[in-house]
Structure formats: structure tokens, C-alpha cells
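Count residues from 1 along the sequence. Only heavy atoms go into these numbers, but all of them, side chains included; no hydrogens, no water, no symmetry mates.
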Amino acid sequence: MIVFDAPGLMDDYYVNIMSWGKNNVLAVGLGPTLYLWNSVDQRTHKLFHVREEDNWPTSITWSEETQTLAVGYTCSNLQLWDAESSKLIRSLQGHSGRIASTAWNGHILTSGSRDKSIINHDIRARNHLASCIKKHSDEVCGLKWSNEGDRLASGGSEKQLYIWEASKMSSSKFLHRFTDHCAAVKALAWCPYQHNVLASGGGWNDRCIRIWNTQKGICIHSIETKAQISGLEWNRHHREILSSHGYSTGEDQNKLCLWKYPSMTKVGEFGNHEPRIINLCQVFNYSNF
């Protein structure tokens, strides 16, 4: 186990400031500074430092080929960075509020904002705005494309979860809208071995992991965790799912919990973090999880 000092890490449930790329590099935002840590040589590199006050990174996501890092900011900026050269490639406009979530689907970068909108950016095009959706009634704090790239899940602070079909997003017509959660829906994870199965996790007033069949539009499992859920990651090698937690009604706060799928019985938990866990991401080349 490796433990890092993380001064300046934002204690904000709604942001997504950590991303692990297929290049074995961890990108993390610590206040106004974005760092890259290479897990192979264990070296740390400062990608940039934001000079403007109160305009810190609030969403960080590696592209699928890990050549580009998408960074959303408090003041609605969205930038693409070349991590290898440490150069800013492009700025993408369109939002009017902070960008709390981003997700890649090939050449499409999807961003969600406090302005309640979801924007699909085609980074190949000069006019990058491919589509803009305004269905959420509060901040969009969770975004995740399916492994096949045909569906997008979006979660909002208003407790709603939407499922979108990639081919119909320009029409703003959603496939499903789920209203079962009782708090913000930030944690989202598509199952790597069951097409159309999605896991979602709710915030403090909900504390539930829900498993969805997005083909039928039904919830197939719900488990009360007794703690705020900040992240979900499927085990790519075993039928398990890992959850990260924050505030709790009991002794389960600030923990990582491992659940067997599909029974959703808890098979393990890992010691308390001192503060709550804000983000969770998975190493790509690790053989067990």
C-alpha cells in the first residue's frame, strides 16, 4: 500500500479530481495545482498551477488513449492538456458554471456543470459543440459512458439519474429517468461483464447502492450501506464491486467496502480514512482488482 500526502485536496463531495489512466499515471488536483504521479517509476510531475484565485480544477479525466487530459474548472473553463509535453492544447467553451464531471467516449468529451447542462464536445471539429442537453434541475455531478460507448449515465445533485442513448442525444430525449435515490447521484459504474447493467450510489440522505438493468429500465438490486457513497468501481477480474464512503450514520464512514455481485453481500472492508473519501479510481494494469 502506498499513502500520499495530499495537501489542498478539496473536501467537496460533488467534484471529481482524480483519474488513473491506462498509461499507469495518476492525475490528481490538489487545490490550484494538478499533479501527475507515474506508478512505474514513482515520480511526481506538476502539470500546471492555476494563478487565478477560486478557479481550481473540479473535474479531471484521462482520455481513453491517455494522450490527453480533460480538466474542468470552478469558473466554467474546460481545457485539454497534453500531459507528455505539459502543454495546453485547447480550451472548450459552452458552460456558465463550474464543471464537476467529465467523461470520454472516443473523440467525444462529455462535460456536466453546475449550470445544469450536459455538453458533448467533438474534439476533432473546429466547432466542437456537438450537442447540449438541459434536463437536470441541479448540478450534474456524475457522468459515465458505457463500455460499448452506446449509452451515457448522468447523475445530478437533484437526486435524479438519466440514461441516454448516444445516437439520440442531439434530440435531448432520454432513454430512462430514475428517481429512486434520495440524495445526489455522483458514483456511477457500468458493469464490465454484463451489458446494460449500471451501478449508482447516492449521497448522505440516500446511502444506497442501486444496480440497474438499463435495457428494461428497472432496479434489480438495492443495498443500504449506512454511509455516503462517493465512488464505485467494478472488479474487472472477479464479480465484485468496490464502494468508497464518506459521512455515515454509524461506524462505516470513510471506508472502502467490497461487495459480491450479484448477491451484493459485503465480503470485506478496508480501514478508515481520517477524512471522508471524495474520489475513487482503479488501477488499469493490476491483476486482482
Self-check item: Inter- and intrachain pairs under ring pair (Phe, Tyr, Trp, His ring centres under 6.0 Å), touching residues 69-98, at least two apart
Solution: F48-W81
Quiz item: Do the non-hydrogen side-chain atoms of R239 and Y193 ever get within less than 4.5 Å of each other?
Solution: yes
Self-check item: S39 side chain to N24 backbone, donor-acceptor under 3.5 Å
Solution: yes
Quiz item: Remaining members of Y247's ILVMFWY cluster at a side-chain heavy-atom cut-off under 4.5 Å?
Solution: W204
Quiz item: Would a 4.5 Å heavy-atom cut-off, applied to side chains only, mark I241 and M264 as touching?
Solution: yes
Quiz item: With sequence neighbours left out, what residues match Y162 under ring-ring contact (aromatic ring centres under 6.0 Å, His included)?
Solution: H136, W164, F174
Quiz item: Taking only residues two or more places apart in sequence or in another chain, which ones pass salt bridge (charged side-chain N to carboxylate O under 4.0 Å, His left out) with D11?
Solution: R276
Self-check item: Between NE2 on residue H221 and SG on residue C219, distance to nearest 0.5 Å
Solution: 9.0 Å
Exercise. Begin from the C-alpha positions of H245 and S243 and carry the test side chain to side chain donor-acceptor pair (under 3.5 Å) through to its verdict.
Key: CA-CA 7 Å; H245 299 274; S243 57; 2.7 Å; yes
Quiz item: Between the side chains of T102 and T61, is a donor N or O closer than 3.5 angstrom to an acceptor N or O?
Solution: yes
Quiz item: Within a reach of under 6.0 Å around CG of D41, are more than 12 heavy atoms found that belong to other residues, nucleotides or ligands?
Solution: yes
Quiz item: Which ILVMFWY residues can you reach from L78 by hopping between side chains whose heavy atoms are under 4.5 Å apart?
Solution: L80, I89, L92, I99, W104, L109, I123
Quiz item: Which pair of non-hydrogen atoms, one from L232 and one from L280, has the smallest distance, and what is that distance?
Solution: N-CD2, 3.9 Å
Quiz item: Does some side-chain heavy atom of Y261 sit less than 4.5 Å from a side-chain heavy atom of E240?
Solution: no
Exercise. Would you sort out whether T74 and D54 count as a side chain to side chain donor-acceptor pair (under 3.5 Å), showing the intermediate values?
Key: CA-CA 7 Å; T74 306; D54 301 322; over 6 Å; no
Quiz prompt | Stepwise side chain to side chain contact (heavy atoms under 4.5 Å, CB included) test for C141 and S101 | solution = CA-CA 5 Å; C141 55; S101 53; 5.6 Å; no
Quiz item: Going by heavy atoms in the side chains, are Q67 and E84 under 4.5 Å from each other?
Solution: no
Quiz prompt | Nearest heavy-atom neighbours spanning A187 and I229 | solution = CB-CG2, 3.9 Å
Exercise. Determine whether T44 and L36 make a side-chain contact, defined as any pair of heavy atoms from C-beta on separated by less than 4.5 Å.
Key: no
Practice problem: Determine which pairs satisfy ring pair (Phe, Tyr, Trp, His ring centres under 6.0 Å) with at least one residue from residues 49-69, sequence neighbours left out, and list them in order. | Solution: none
Quiz prompt | Test salt bridge (charged side-chain N to carboxylate O under 4.0 Å, His left out) applied to R207 - qualifying residues, sequence neighbours left out | solution = E224
Quiz item: W259: what forms a ring-ring contact (aromatic ring centres under 6.0 Å, His included) with it, not counting sequence neighbours?
Solution: none
Quiz prompt | Atom of I163, atom of A153 and distance for their closest heavy-atom approach | solution = CD1-CB, 3.9 Å
Practice problem: Please name all residues satisfying ring-ring contact (aromatic ring centres under 6.0 Å, His included) with H121, sequence neighbours left out, ordered by chain then number. | Solution: H128
Self-check item: Working for side chain to side chain donor-acceptor pair (under 3.5 Å), residues S86 and H45
Solution: CA-CA 10 Å; S86 297; H45 168 66; 2.8 Å; yes
Self-check item: Minimum heavy-atom distance C132-I119, with the two atoms named
Solution: SG-CG1, 3.9 Å
Quiz item: Do E52 and C75 touch side chain to side chain, with heavy atoms closer than 4.5 Å?
Solution: no
Quiz item: Is there side-chain contact between W212 and W190, with heavy atoms separated by less than 4.5 Å?
Solution: no
Exercise. Please list, chain by chain and in numerical order, all residues satisfying salt bridge (charged side-chain N to carboxylate O under 4.0 Å, His left out) with K168, sequence neighbours excluded.
Key: E165
Self-check item: N16 CG to L188 CG distance, which is reported to the nearest 0.5 Å
Solution: 9.0 Å
Quiz item: Which residue pairs satisfy the salt bridge (charged side-chain N to carboxylate O under 4.0 Å, His left out) criterion with at least one member in residues 117-127, sequence neighbours excluded?
Solution: D122-R124
Quiz item: Is there side-chain contact between L152 and M169, with at least one heavy-atom pair below 4.5 Å?
Solution: yes
Practice problem: Evaluate side chain to side chain contact (heavy atoms under 4.5 Å, CB included) for V140 paired with K134, printing each intermediate quantity in order. | Solution: CA-CA 10 Å; V140 182; K134 295 184 178 181; over 6 Å; no
Quiz prompt | Partners passing salt bridge (charged side-chain N to carboxylate O under 4.0 Å, His left out) against R210 (at least two apart in sequence or in another chain) | solution = D206
Exercise. Let me see the working for N196 and R151 under side chain to side chain contact (heavy atoms under 4.5 Å, CB included), right down to the final yes or no.
Key: CA-CA 8 Å; N196 295 323; R151 292 185 181 178; 3.2 Å; yes
Quiz prompt | Neighbour count above 12 (heavy atom, 6.0 Å) for E65 CD | solution = yes
